[in-house]
There are 2 protein chains.
Amino acid sequence: MFTMTKMEQVPAQGRRLPPPNFHSLLDTIELMGAAIPFARNGEIYGESEPADYVYKVLTGAVRTYKLLSDGRRQIDAFHLPGDIFGLELGDTHTCSAEAISDSTIVVVKRSLVMAAAERNTDVARRLWSTTAAELQRAQQHTLLLIKSAQERVATFLLEMSERLCAEGSLELPMSRQDIADYLGLTIETVSRTLTQLQGAATIALPGSRRIVLRNRPALNRLND
Amino acid sequence: MFTMTKMEQVPAQGRRLPPPNFHSLLDTIELMGAAIPFARNGEIYGESEPADYVYKVLTGAVRTYKLLSDGRRQIDAFHLPGDIFGLELGDTHTCSAEAISDSTIVVVKRSLVMAAAERNTDVARRLWSTTAAELQRAQQHTLLLIKSAQERVATFLLEMSERLCAEGSLELPMSRQDIADYLGLTIETVSRTLTQLQGAATIALPGSRRIVLRNRPALNRLND
DNA sequence: CGGCGGCTTGATCGGTCTCAAGTACGGTGG
DNA sequence: CCACCGTACTTGAGACCGATCAAGCCGCCG
């Protein structure tokens with residue numbers, strides 16, 4: 001391993017005691033920017049706008065997505081508290097970003113982040129790790145899109161249960177339409193599939209956005 | 001841009017003057033490793049094997065892919081001369097890699113690359129750029145997978161024509177099965193769709209792996 | 001010439017989309 | 001507190017696209 005751990009050396013500048021354990025690019029960014037509130041469905045940035053800022057979710061949730069000319073929407077990722085997004089290779093954004101629910105987002109000038117990476121090897125490494133992790137996620141997402149509807153939904157539920165750190169019960173922040181556009185399905189197919197999983201006692205749906213995983217092994221079986 | 005205009009330079013070892021202008025992580029890597037030949041369909045590495053090396057295609061072509069338990073295969077990317085692959089966040093590979101045709105690949109110890117990035121800001125930046133570019137590609141690939149069969153094939157042809165730097169005529173290195181697994185279609189659908197595009201005079205197929213783009217605007221119309 | 005692998009073509013099947021109602025829920029105003 | 005509304009979600013019937021199953025074809029090499 002090389003990404004993390006080994007952060008225990010002196011960070012760099014004049015900083016005295018760093019937090020005793022691991023801390024990431026996320027913390028660095030947090031120190032450089034301002035927390036801004038965004039309303040539900042508020043646009044954070046649009047595709048092909050200048051990518052002058054980098055973002056980190058503090059509370060709430062964010063979707064990044066691309067549109068095709070006829071209006072089809074592909075959601076690339078959901079970003080939950082702690083996640084960084086909006087960091088681009090080129091000078092314009094390749095996705096749009098919107099708040100899924102009311103959210104607070106830390107906004108940092110990208111030039112600051114890049115400059116910090118130039119000065120500090122440690123920041124540079126974490127910068128790369130962040131992007132590499134996002135790449136890995138994107139590849140898993142691609143794999144998802146070749147599966148059947150049931151498999152996609154199962155994979156999605158497992159991913160969310162992992163990321164929301166919920167043992168048995170999830171409260172999803174996103175709508176069925178968001179889920180559908182993430183999974184490359186229609187809203188009807190998502191709904192039907194959830195109903196179907198409920199019928200099989202694999203999950204329960206106490207509310208439309210609340211999901212209880214009753215049978216993880218069954219979901220895992222569908223996952224791969 | 002940063003990938004390429006590719007291979008006209010001296011292959012590796014005793015190189016003196018570096019290209020006068022910009023040169024990438026690719027060149028750096030080239031200086032650190034050894035060129036190894038791989039036979040068609042030869043395994044370069046397997047999923048979940050230790051990721052101790054980083055690779056760069058000199059000649060030939062490489063596919064990286066993931067398998068589902070039931071044998072379905074998703075090709076994540078095709079790597080052509082000049083491309084880097086196999087660089088991972090964790091300590092094991094998340095994809096398998098195989099040579100599509102007889103290929104020569106530069107192999108470098110990953111620890112060398114990472115150490116170079118620690119020492120040299122410039123290498124660190126190029127390391128990040130490489131990964132960020134791959135991320136962008138992966139996101140485009142995801143977008144592809146929500147399209148219709150015709151649109152996927154059209155997008156694929158345009159991508160390949162771009163990357164192979166062929167004006168009107170492409171010689172594809174990969175089989176129909178490879179294309180199918182990249183596009184999330186079956187081999188039959190790929191074949192039918194190509195035939196169909198030929199019928200519409202959008203392309204011509206002088207040989208099964210040679211494709212002439214007769215009507216780029218029509219392809220572009222399908223592309224988005 | 002025969003055989004084999006890669007590709008094409010055809011006929012049918014099935015999963016997901018589409019179109020169309022119907023239902024539950026949350027918020028707002030009476 | 002309830003009636004109303006709009007939005008989100010569910011459910012149903014039918015169509016369609018791509019998968020599947022099954023031959024055939026072509027080029028290449030023995």
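Chain letters run A, B, ... following the sequence lines, proteins first, then strands; residues in each count from 1.
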Base, sugar-phosphate or nothing for [X]? Non-hydrogen atoms, less than 4.0 Å.
X       : value
L185(A) : sugar-phosphate
G207(B) : nothing
S191(A) : base

Legend entry - Carboxylate-amine/guanidinium proximity below 4.0 Å for R72(A) and E151(B): yes
Between [N] atom [atom2] and [X] atom [atom1], what is the distance in whole Å?
X       : N       : atom1 : atom2 : result
L205(A) : dA24(C) : CG    : C1'   : 13 Å
R210(A) : dC9(D)  : CZ    : C1'   : 17 Å
R152(B) : dC17(D) : CZ    : P     : 14 Å
E188(A) : dG22(C) : CD    : P     : 16 Å
I179(A) : dA8(D)  : CD1   : P     : 13 Å
L197(B) : dC7(C)  : CG    : P     : 17 Å
I187(A) : dA21(C) : CD1   : P     : 18 Å
D181(B) : dG6(C)  : CG    : C1'   : 14 Å

Inset, instruction - Would you indicate, yes or no, if dA8(D) has its OP1 or OP2 atom less than 4.0 angstrom from a side-chain nitrogen or oxygen of R209(A)? - result: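 False: R209(A) side-chain N/O out of range (4.0 Å or more) of dA8(D) OP1/OP2.
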Inset, instruction - For dT18(C), take OP1 and OP2 only and decide whether either is under 4.0 Å from a side-chain N or O of T186(A). - result: no
Looking at the base of [N], is there any donor atom on it, or on the side chain of [X], that sits under 3.5 Å from an acceptor on the other one?
X       : N       : value
Q150(B) : dC17(D) : no
Q177(A) : dC9(D)  : no
R192(B) : dG10(C) : yes

Inset, instruction - Could you check T189(A) against T189(B) and say which one's nearest nucleotide on DNA chain C is further toward the 5' end? - result: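 Closest to the 5' end, via its nearest nucleotide, is T189(B).
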Inset, instruction - Mind telling me whether Y55(A) and F85(A) have parallel, tilted or perpendicular rings, with 30° and 60° as the class edges? - result: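 Parallel: the ring planes of F85(A) and Y55(A) meet at under 30°.
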Legend entry - Mutual orientation of the aromatic rings belonging to H141(A) and Y182(A) [parallel < 30°, tilted 30-60°, perpendicular > 60°]: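 Parallel: the ring planes of H141(A) and Y182(A) meet at under 30°.
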Legend entry - CG-CZ distance between D181(B) and R73(B), expressed to the nearest 0.5 angstrom: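 Going from CG on D181(B) over to CZ on R73(B), the span is 4.0 Å.
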Legend entry - CZ/R137(A): more than 12 non-hydrogen atoms of other groups inside 6.0 Å: yes
Inset, instruction - Tell me which nucleotide among dT16(C), dC9(D), dA8(D) gets nearest to the side chain of R40(A). - result: dA8(D)
